[in-house]
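Working notes, structure below.
Just so we're on the same page: letters track the sequence lines, and every chain starts at 1. Keep in mind that this is a model prediction, so the values were computed, not measured.
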Protein chains: 2
Amino acid sequence: MNKKITINDIATLANVAKSTVSRYLNGGSVSVHTRAKIDDIVAKYNYTPNTFAQSLKQQTNHTIGVIVPRLDSIAQSDMLRGLDELNKDDTFLIINVYQDSARELAAIEKLHSQNVSGLIILTANLTDDIRSILEASELPTVIQGQDEPGFNRIIMNDINAGNVVGDYLKTLAPRNVLLLNVDDRLDRAVGHDRFVGIKSALSDIPHKEIITDFNMTDAKEAAKLAMANETFDLVIGATDRIVVGAMQAAFSLKQQPRYIGFGQSFFSETVSPNLTSFEFSYFETGKALYRLFLKVRDNTPAKAQRIVIDGHLVIRDSTIL
Amino acid sequence: MNKKITINDIATLANVAKSTVSRYLNGGSVSVHTRAKIDDIVAKYNYTPNTFAQSLKQQTNHTIGVIVPRLDSIAQSDMLRGLDELNKDDTFLIINVYQDSARELAAIEKLHSQNVSGLIILTANLTDDIRSILEASELPTVIQGQDEPGFNRIIMNDINAGNVVGDYLKTLAPRNVLLLNVDDRLDRAVGHDRFVGIKSALSDIPHKEIITDFNMTDAKEAAKLAMANETFDLVIGATDRIVVGAMQAAFSLKQQPRYIGFGQSFFSETVSPNLTSFEFSYFETGKALYRLFLKVRDNTPAKAQRIVIDGHLVIRDSTIL
DNA sequence: TTGTACGCGTTATCAC
DNA sequence: GTGATAACGCGTACAA
C-alpha cells in the first residue's frame, strides 16, 4: 500500500505526459511501447486513482444514499441485500434514521451536501418537510413502501395481501377474531390497505379491532388487555412483530388461538408454533429498487414510475394445529 | 437546491476575493462589513462546500469504513447504533460482507481505494489475507470480537460469561445437559472461551456436546438428532440463535427442557418461553468501538489497544418454569 | 484585513 | 499517438 502513487508519478517514471497516462487508463489509444511501460509501473506500484479528484472533475461520484428506518429488521436488510446483489459500480451510503423523521430530514441534507448521485429511501414515511426538500432537489430518487404520487416508487401489494388473507381466514371458520392493526395515518399501506380484504371477509364473523403500533412490547400489552376480557380463536396482526407480541400475551394468559401475520418472514420460523404469514420477498424488492433507480438516473423518465410487488401466503403451524 | 454555488460565485457576488470567502468559512478574520455581505449570500443561495474538493485538498475525508458480517442481527445493528450515538463529524460507510471472507477482502480494498480515513471491523474473523492487507495499510483500524494480537480490538469477556453460566447451571441441578457448540477453529471466542466455565461446572453432571454452526436450521437438525435418542432437561447453546433452533426441535419432539443462551438479546423475548441468556450490551460495545477508534486515529498509540466488555446473565422463563 | 497565485489529482481540449 | 494546458472547487502561503 505505501504512499499513494498518482498519475503524475507514473508519467514521470514512464517519461511520458500525464495526459498520455490518463488516456491509457481510460482506454484511449496508446502505442504498444508506452502501454507496456505504463503497464509495468501500474502493476509495480499498485496504482489506484484518487476518487476525490475524479469526482471533483466529473462532478459526480458513484455514491447512492440509502435511507433506512431501522437496521434490526429482516425486511430492511433483505432489501439492502437485494440492492447489493445487482450493484456493480455504485457505493451505497447507508444511513439509519431510527424511524425518526427529524433524523431522516437531516440525513437527506447531509447526503445532499456530500454530493451523492441519488437517493433510495426504504419504507418511506414522508413528512411535508421531507417531501418538499426531495421535490426541490434534482437528485434521482426512488422510494419504497408508500404510494406517494409524484415519486418514483415501489410499493407492496397490500390490497391483494388482505384479500388473500381474507379468503383464507374464511376457510378457518373462526368464531371470534382479534385484529391488531396500526394507525392508518401513520402507515396507510399497512393500516388501511392491508385490512380492506380482511374486514370484508369478516363482515359476518364476530371480531374486534385494536389499534397498536409497530413495537412488540406495546402490541403485547394491547393484546393482553383485549384477551383478558374475551376469548379469541384467531389473531391477525398487521405485522409479524405485532403477532409475536400477541403470542406472548396469549402465552402468559394460557390461551392458544391461531395466528396470521404479515411480512417479515424472519419471525415466522423462530417462534413456536411457526407462524402463518403473508410474505413479500424483500430481497426481490431490493433488486427491483436498484433497477428502478438505474432507470430513473440514466433515462430520467418524464413521469413518476410506480411498481407493485406481489407476495404470497405461507401456511404454517400457527393455523393448522 | 438548484445548481450548486461555489466559493468563487460567492466571491464574485460579494466583490471580494475567494480567499476571503474561504477565510470567512473557516473562521478566519474578516471585516464586519464583508462578513455581513457574505452572510447574506450564503444564506440566500444555501451554500454548501464541495466535499470532493475539500477532500482532495486535505487529502483526507471524514469517512470511516465499517465492515459488518451481516445486517440481520441485533448484535450488529446495536453496535452500529452505538457508533452512530457518539458520532458527530464522521460518515460511516457500512459494507455488509455476508460472512464471506472473499467479500470482506474486496470490501477492504474498495474502502482503501476510496480513501476512507479509517476502518472499523465488526465481529472480525480475520483470514491471513485480510490480516496482512490490514497490517500493510496505515489506516487507523479497530476490530471487534476476536482477540487478535497486534490489532486494536474490543472483545467480549466470554471466559467470564462461561463461568457465570457455569455457576448458575449448578443451581438448576440438571440431570442431563445438551451443549450445542460451534467449531472453535471458526470462532475461538465463542467455541472455546465461552464453554470453559460451563464444562468445568459439568464435570460430574452427565452431558453431551454437539458441534453445529451459527445457522438456526442446522442447529435445529443437530438438536433433533441428539434429542431423539436421549432426553435432556437442560440445553445450552453457543448463541441464542442456536438455542432457538433447539427449541424448534424440542417442540416438534414434544419435549420441554430448560434453555440457556448467549448474546443476542433479541431472540430472548420473542420466543416462548422467553429465554434465559447471558447478554452483552452491543450498543455499549459500539460506543466503545467508536471511542477507541478516535483514540487510535488521533493519538496513534504505540501499542495495540485491547478492551474487554463484560456482560451479565438475565434469567427468564426458560429456566424457571 | 484583503487579494494573488498556486497546488491537490484527474480529465478534456487541442495543437503537434 | 502524444503532450502541453486549462479546468473542477477549495485552501493557503505570501504579498500587499
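- The side chain of Gln59(B) contributes an N or O atom lying less than 4.0 Å from OP1 or OP2 of dG9(C).
- Side chain of Gln305(B) to main chain of Lys303(B): a donor-acceptor pair is present (N/O by atom type, distance under 3.5 Å, no hydrogens or angles).
- Separating the CD atom of Gln114(A) from the P atom of dG9(D) is a distance of 18 Å, rounded to the nearest angstrom.
- Following rounding to the nearest Å, Ile7(A) (CD1) and dG3(D) (C1') show an atom-to-atom distance of 13 Å.
- With dC8(D), dT10(C), dG11(D) as the candidates, the nucleotide lying closest to the side chain of Tyr47(A) is dT10(C).
- Distance, Lys57(A) NZ to dT11(C) P: 9 Å, rounded to whole Å.
- In this structure, Thr34(B) reaches the dT2(C) phosphate: one of its side-chain N or O atoms is under 4.0 Å from OP1 or OP2.
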*Step by step, work out the salt bridge (Lys or Arg N to Asp or Glu O under 4.0 Å) result for Asp128(B) and Arg131(B).*
CA-CA 5 Å; Asp128(B) 288 341; Arg131(B) 210 175 278 117; 2.7 Å; yes
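- Between the CD1 atom of Ile38(A) and the P atom of dG1(D) there is a distance of 13 Å, rounded to whole Å.
- Contact annotation: Gln58(A) side-chain N/O to dT10(C) OP1/OP2 distance is not under 4.0 Å.
- Taking 4.0 angstrom as the limit, Asn26(A) places a side-chain polar atom (N or O) nearer than this to OP1 or OP2 of dT11(C).
- Minimum atom distance to the side chain of Ser19(A) is reached by dT13(C), of the listed dT10(C), dT13(C), dT12(D).
- A straight line from OH of Tyr24(A) to C1' of dG3(D) spans 18 Å, rounded to a whole angstrom.
- With hydrogens and angles disregarded, a donor-acceptor distance shorter than 3.5 Å links the side chain of Ser117(B) to the backbone of Asn61(B).
- In this structure, Ser22(B) reaches the dG11(D) phosphate: one of its side-chain N or O atoms is under 4.0 Å from OP1 or OP2.
- Phosphate contact (OP1/OP2 of dC8(C), side-chain N/O of Thr6(A), threshold under 4.0 Å): absent.
- Using a 30° and 60° split on the angle between ring planes, Phe280(A) and Tyr282(A) fall in the perpendicular class, above 60°.
- Distances were taken from every side-chain heavy atom of Ser29(A) (C-beta onward) to each of dG9(C), dG1(D), dT11(C); the shortest belongs to dG1(D).
- Taking atom CG of Asn50(B) as the reference point, atom C1' of dC8(D) lies 8 Å away to the nearest angstrom.
- One can place CD of Gln54(A) at 5 Å from P of dT11(C), the figure rounded to the nearest angstrom.
- In this structure, CG of Asn8(A) is placed 14 Å from P of dT5(D), rounded to the nearest angstrom.
- Put simply, the side chain of Asp9(A) gets close to the backbone of Thr6(A): a donor and an acceptor are under 3.5 Å apart.
- Checking dG3(D), dT2(C), dC10(D) against the side-chain heavy atoms of Val30(B) singles out dT2(C) as nearest.
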